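A quick note: this is a predicted structure, and the numbers were derived from the prediction, not measured. These values consider heavy atoms only, across backbone and side chains, with no hydrogens, waters or symmetry-generated copies. Letters A, B, ... are given to chains in the order of the sequence lines, protein chains preceding strands, and every chain is numbered from 1.
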There are 2 protein chains.
Amino acid sequence: MAATYKDIQKMTGLSLSTISKYFNGGNVRPDNAEAIKRAASELDYRVNSFAQSLRTQKSKTVGVLLPDLTNTFHAQIISGVSLDLMHAGYGVIVGSFGESEESMDDAVEFLLSKMVDGLVVVPTAAGRLPVALQSASNGHPPVVVLDRTPSDDVDSVTVDNERAGLDVGRLLLAHGHRSIGILAGPQGLSSTSQRAAGVLSAFSEVGADVPDANVVHTALSVEQARQAAHGLLTRTDRPTSIFATNSELTVGAAIAIRELQLELPGDLSMVGFDNVDFARALPPGLDIVVQPVPEIAHAAAELLLARMEHAQDGQVAHRVLQCSMMRGASVGAPPLAVRSVR
Amino acid sequence: MAATYKDIQKMTGLSLSTISKYFNGGNVRPDNAEAIKRAASELDYRVNSFAQSLRTQKSKTVGVLLPDLTNTFHAQIISGVSLDLMHAGYGVIVGSFGESEESMDDAVEFLLSKMVDGLVVVPTAAGRLPVALQSASNGHPPVVVLDRTPSDDVDSVTVDNERAGLDVGRLLLAHGHRSIGILAGPQGLSSTSQRAAGVLSAFSEVGADVPDANVVHTALSVEQARQAAHGLLTRTDRPTSIFATNSELTVGAAIAIRELQLELPGDLSMVGFDNVDFARALPPGLDIVVQPVPEIAHAAAELLLARMEHAQDGQVAHRVLQCSMMRGASVGAPPLAVRSVR
DNA sequence: CTGTTAGCGCCTTCAT
DNA sequence: ATGAAGGCGCTAACAG
C-alpha cells in the first residue's frame, strides 16, 4: 500500500494538518519539518494526486490532444509545449486519436474526466472541435487550438499559411515555372488548403493558369501522397514543379520522384514542408517551408497559462506566426522538354 | 461547476448508490435508468475520475514514458501500444523526458502520483531504470521496458539486435566490403551497442579487422551523427561502407553523404535502421533494418495487461523479436579506388 | 432493486 | 505553530 498522511502521523505524532502544511510550503517548526521529511522518505511517501485534486478541484495538469503521435511536426510542437508547461508546474498528459472524430471525442472525454486545467488541441482534419468543447461558455477548461482553425471563438496559434504558399509560388515563378502540381492534403483542412491557395494566387498574379487537376487532395499519409504524386508525375503534361503542403506529403512526393527516377531539379523542381532533417538529407537538398516550431510551442503555452492563471476573461486570441523558407537546391529552371517517364 | 451525483439525485429523487450502480452497469429499473440517463445528459454529467480512483484505488490508466516524443520509432510504438490499451479499456497518458535521468525520475513520480495501473517505459540511453521503479518488490505498478534493457528483473520487449547487426555485416561482406564505419550511438546504450557488436562479429568471422576508430559513439541526435559521419567519410582511409544503428543516426549519415556528394552505392555502401519512409525516399533507395513495430507494440500491451489483470506473479518475461531487412539499392560492390572528397 | 452509511487521502477553515 | 473536524465525489458493504 502507498503511504499516506496517516502513516506519517503515526511516525511523527503530528497532526494531519501540520503535515499537509509542510507539504504545501506553510510554516512548520524546523524540528517538525525534519521529522516529517524523514518519515516521508522512509515510507517512500508520494502525494495521492487524486485526493489532492478532488479536494482542490485543480489537477495542475493540462491535456494535449493530437491526431497522430507519429506526425513529426506535431510531435515537435507538443514536445516544446510540454517543456514550457512543466516548467510552469503543470503536468502534461498527451493523448492521440486517429484523425477520427469519434475517438477525438472520446479522448476529450477522457481528459475532461481527469479534470485537466487546460487543453491544447490539434483538431481533426475535418476541422471540427470536439463536441465537449464546442460551447465556449460551457464551463470547460481553457483551450488553445493549434495548426488548424476550426472556429473563431477559441484561442489559436497558427501560421500564415497563405503567405507561405504565396512565397513558394513566387519562388517557382521566378525560376521560370508556369506549371505546378500541388499535393493539397484533405479537402477542408485549413492549413494545407491555405498553402495551396497561396500558390494559386501567386500563379494567377502572373496569369499562369493552374488546372484543377493539378491540385490533388489526399489524406495526410505518405502512401497516399506517393500515389498521388506518382499519378501527377506520369501524366504526359506533367507539371514542371511540385509543391507538397505538409511533412507526410513531402515524403510521399519524394518517394514517387525517386521511384520514377526523376532528377531534382533537372527534371522537376520541388518545394516541401516542415521536415528539416529530411530536406537536408534528400539530394540535392530540398527547398522547404519551415514553420517556427519553438515559437508556436511557446505561444501556445503562453496563451494557455494566461487563461488558466488569470480569469477566463479577455478577448479570444489568434496568434499568427510567419514561416520561412529553407533553401536547398531542388528548385531550378524548368526543363526545356519534359522527359517522359515509365 | 461540473455536475455530480447529487445534482442527478435532485433531478431524479433516486439515491446516490442507485445512480452509481447505473453508471457501473448494475441492475437498475428501466424507468429509473431512463431518468438517470436523461438527467445526466441534461446536466452534461461526467464522472469525476479523481473521486472514482480515490475510492477504487485504480485509475484504469497506464503511463507511457519515453525519452523523446520526437523519435519516430518510439512514437510509432507507443502509438500502437496506446491503441491496444485503449481497446482494453485503459486510458493512456504519455510523458517524455529528455534523455535526462533526473527528468525521467520526475516524470515517473508524476505518473505514480496519478496512480497509473501500469507503466511502459523506454529508459534513458544510460540504461538506468527510474529510481522509483528499481526495487521490483516495492509495490509499484507493473512495468514493461521497451527497446532498451536496463535490468533483468523487469518484463521487457526488445529485438534481437545482435542478430540484426550480424545480418548487416554479412550482407556487406557478401558484396565484397572489408571495411566499415559504424555510427554506434551512445556508449552503454544496449540496442545500438548490440547492433554494432553484431557487425563486428560478422567481420571477425571472416578475419576482417575493424579498427576501433571506425566505431563512432555519439548521442542520438541527427546533428551529432552528421558530424560523426562527416569525420568518418573525410578520412583518407575512408571505409567503403557505413552502418547507422538507429533512425536519427541514419538521417545524420545521409545528410553527411549528401553534403559530401558521395554517391550510393558507387562511392559508398550504406545500411540504416528503422526509418522506412525515409529509406524509400532517399535515392537510390536505402537498405535498412526494419523492426517489427506492430509486433513490439502488441507484445508490450499484452505483457502489461497480463500483469495488471492477473496477479503480480509469474516469471519475468523477456520477449525478443526478430528484425528484417528492407532492401534498397544502397549496398553494392566497394569502389575500386576511394574517390577523395573535399 | 433501492437507500443508508462510511470512508478513500487530502486540504482548509476554525479554534487553540 | 498546531490540532480537530468537515467534506470534495464516488463506491461498496449492508439493510431493507
Next on the checklist: Using the side-chain heavy atoms of Ser15(B), tell me which of these nucleotides is nearest: dG3(D), dG3(C), dG9(C).
Outcome noted: dG3(C)
Checklist entry - Counting only side-chain N and O atoms of Gln52(B), is one of them less than 4.0 Å from OP1 or OP2 of dC8(C)? => result no
Checklist entry - Roughly how many Å is it from NZ in Lys60(B) to P in dC10(D), rounded to a whole number? => result 19 Å
Item to check | Separation of Thr12(B) OG1 from Ile19(B) CD1 (nearest 0.5 Å) | outcome: 4.5 Å
Item to check | Under 4.0 angstrom between Gln9(A) side-chain N/O and dG3(D) OP1 or OP2 | outcome: no
Item to check | Separation of atom CG in Asp7(A) from atom P in dG9(C), rounded to whole Å | outcome: 8 Å
Item to check | Pairing residues for Ser17(B) by the side chain to side chain contact (heavy atoms under 4.5 Å, CB included) criterion, not counting sequence neighbours | outcome: Ser15(B)
Item to check | By salt bridge (Lys or Arg N to Asp or Glu O under 4.0 Å) - contacts of Asp155(A) (at least two apart) | outcome: Arg307(A)
Checklist entry - What's the CG-C1' distance between Leu14(A) and dG3(D), to the nearest Å? => result 10 Å
Checklist entry - With sequence neighbours left out, which residue pairs that include part of residues 50-73 of chain B fulfil the ring-ring contact (aromatic ring centres under 6.0 Å, His included) condition? => result Phe50(A)-Phe50(B)
Item to check | Side-chain N,O (Lys58(B)) to OP1/OP2 (dT11(D)) below 4.0 Å | outcome: no
Checklist entry - Hey, does the side chain of Lys6(A) come within less than 4.0 Å of dC8(C)'s phosphate (OP1/OP2), counting only N and O? => result yes
Next on the checklist: So Ile19(B), base contact, sugar-phosphate only, or nothing? Heavy-atom distance under 4.0 Å.
Outcome noted: nothing
Next on the checklist: Any base atoms under 4.0 Å from Tyr45(B), or only sugar-phosphate, or nothing? Heavy atoms, all strands.
Outcome noted: sugar-phosphate
Can you check nucleotides 12-16 of chain C for protein contacts, nitrogen or oxygen pairs under 3.5 Å, and list what you find?
none

Checklist entry - Over how many whole Å does the gap from Leu43(B) atom CG to dG9(D) atom P extend? => result 13 Å
Next on the checklist: For a quick check of understanding: with a heavy-atom distance under 4.0 Å over all strands, which category does Tyr5(A) fall into, base, sugar-phosphate or nothing?
Outcome noted: sugar-phosphate
Item to check | Reference residue Ile296(B); test side chain to side chain contact (heavy atoms under 4.5 Å, CB included); the match among Ile77(B), Asp147(B), Thr158(B) | outcome: Ile77(B)
Next on the checklist: So, using salt bridge (Lys or Arg N to Asp or Glu O under 4.0 Å) as the criterion, who are the partners of Arg29(B) when residues are at least two apart?
Outcome noted: Asp31(B)
Checklist entry - Do any side-chain nitrogens or oxygens of Asn27(A) fall under 4.0 Å of OP1 or OP2 in dA1(D)? => result yes
Next on the checklist: If I take atom CG in residue Asn48(A) and atom P in nucleotide dG9(D), what distance separates them, rounded to the nearest angstrom?
Outcome noted: 16 Å
Checklist entry - Which residues pass the salt bridge (Lys or Arg N to Asp or Glu O under 4.0 Å) test with Arg319(B), sequence neighbours left out? => result Glu302(B)
Hey, can you pull the donor-acceptor pairs under 3.5 Å for the side chains in residues 32-41 of chain B, sequence neighbours left out?
none

Checklist entry - Which residues within residues 28-36 of chain A lie with some heavy atom under 4.0 Å of an atom in DNA chain D? => result Val28(A), Arg29(A), Asn32(A)
Item to check | Spacing of Leu54(B) atom CG relative to dC8(C) atom P, expressed in whole Å | outcome: 9 Å
Item to check | With sequence neighbours excluded, residues passing salt bridge (Lys or Arg N to Asp or Glu O under 4.0 Å) with Asp7(A) | outcome: none
